[in-house]
Engineer: 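Pasting a structure below so you can have a look.
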Amino acid sequence: ILGLPDGRPIIGIVGCIGPEKGYIEFFRAISPLPRTFRVLLIGDTPSWVKPHPTEVVREAGWLNDTILRLQFVPEHLMPCVFGAIDAVALLYRQANASSGVLSWCREYGVPVLATDHGEIGAAVRRDRLGVTVDPDNTEEVRAGVTQLMSGRCSVLVSADRKSTRLNSSH
C-alpha cells in the first residue's frame, strides 16, 4: 500500500511534519552516518513549514535514502506504516503531554528515539520503549539512531499486539 522499498531498516518521522517534530536536528545528526538504513518522513506538512523537510533532507545528503510521503495519512493506514518501519524518531522541540505516534509505537512494538524531557520522554523511560536523547545534542541523537538501527534495542509485542516491553541486548 505504501510502496516502501524492502531491504534496509527504516526509521520514521510520522505525523504532522513541522519543526516541533525535530526533523531538522534529526537530519543534522544523521548526516555523516553510513546509509545502512532509510528514513521515512510521512505525514501532512503545512505550507508554512520552513525550512521545508525536502530542503533539510537534501542539505543533509539523505535525499536518495529518504522516502518522502508528505501528505495526510488516514488512521486506517497506520497499521501499514507501523508494520513497515523499524523505529520512530520523536524528537519534539517542546515537552508534549502525549503523542498519538507514541501510542502506535507501543501498540505495534516499534522502538522509539524520543526527546529526553516531558511526558513522552518519561513514558519511553518508564515503559522501556526505546532510547531518550537531548535533541540539541547531535552526538547523542546520532548515537541513539545508531543504537536503534543496529538492532540493539527492540520492543517485543505480545500476540494481541497490545502489551510491550523492551528487550535490550546491551
Engineer: Where is the tightest heavy-atom contact between T132 and G121, given as atom of each residue plus distance?
Structural biologist: CG2-O, 3.7 Å

Engineer: Given R106 and D127, is the side chain to side chain contact (heavy atoms under 4.5 Å, CB included) satisfied, shown in steps?
Structural biologist: CA-CA 9 Å; R106 185 179 281 118; D127 299 339; 2.8 Å; yes

Engineer: Quick one: which residue pairs count as a ring pair (Phe, Tyr, Trp, His ring centres under 6.0 Å) with a foot in residues 18-51, not counting sequence neighbours?
Structural biologist: F37-W62

Engineer: The criterion is side chain to side chain donor-acceptor pair (under 3.5 Å); which residues satisfy it with R125, sequence neighbours excluded?
Structural biologist: D116

Engineer: For V49, which of P51, P53, S47 qualifies under side chain to side chain contact (heavy atoms under 4.5 Å, CB included)?
Structural biologist: P53

Engineer: Is a side-chain N or O of R128 found less than 3.5 angstrom from the main chain of R126, in a donor-acceptor match?
Structural biologist: no

Engineer: Report the distance from atom CD1 of I17 to atom CG of D44, rounding to the nearest 0.5 Å.
Structural biologist: 9.0 Å

Engineer: Assess whether side chain to side chain contact (heavy atoms under 4.5 Å, CB included) is satisfied between T36 and M149, documenting all intermediate values.
Structural biologist: CA-CA 8 Å; T36 57; M149 301 317 293; 5.7 Å; no

Engineer: Compare every heavy atom of A123 with every heavy atom of L129, then report the nearest pair and how far apart it is.
Structural biologist: CD1-O, 4.1 Å

Engineer: Applying side chain to side chain donor-acceptor pair (under 3.5 Å), can you list everything that pairs with D65, at least two apart in sequence or on another chain?
Structural biologist: R8

Engineer: Which heavy atom of P32 sits nearest to which heavy atom of R35, and what is that distance?
Structural biologist: C-NH1, 4.3 Å

Engineer: Please give me the minimum heavy-atom distance between G130 and V124, naming the atom from each residue.
Structural biologist: N-CG1, 3.7 Å

Engineer: Quick one: are V81 and Y108 in side-chain contact, heavy atoms under 4.5 Å?
Structural biologist: no

Engineer: Any heavy-atom pair between the side chains of I120 and T115 that's under 4.5 Å?
Structural biologist: no

Engineer: First locate atom CD1 of I67, then atom CD1 of I10, and finally report the distance between them rounded to the nearest 0.5 Å.
Structural biologist: 4.5 Å

Engineer: What pairs with T66 under side chain to side chain donor-acceptor pair (under 3.5 Å), at least two apart in sequence or on another chain?
Structural biologist: none

Engineer: Restricting to side-chain contact (heavy atoms from CB on, under 4.5 Å), what partner residues turn up for P74, sequence neighbours left out?
Structural biologist: F72, H76, L77

Engineer: Is M78 close to V14 at the side-chain level, that is, under 4.5 Å between some pair of heavy atoms?
Structural biologist: yes

Engineer: Sequence neighbours left out, what passes side-chain contact (heavy atoms from CB on, under 4.5 Å) with T54? Give chain and number order.
Structural biologist: H52, R58, L63, L68, L70

Engineer: Output the distance between atom CG (L91) and atom CG (D134), rounded to the nearest 0.5 Å.
Structural biologist: 10.0 Å

Engineer: Taking all heavy atoms of I13 and all of A89, pick out the closest pair and write down the distance.
Structural biologist: CG1-CB, 4.0 Å

Engineer: Work out which heavy atom in A29 is nearest to a heavy atom in V141; give both atom names and the distance.
Structural biologist: CB-CG1, 3.5 Å

Engineer: Between CD1 of I42 and CD1 of I85, what distance do you get to the nearest 0.5 Å?
Structural biologist: 8.5 Å

Engineer: According to the salt bridge (charged side-chain N to carboxylate O under 4.0 Å, His left out) rule, which pairs have a member within residues 136-145, sequence neighbours left out?
Structural biologist: R93-D136, E139-R142

Engineer: Tell me which one of L41, T45, L40 satisfies side chain to side chain contact (heavy atoms under 4.5 Å, CB included) with R69.
Structural biologist: L40

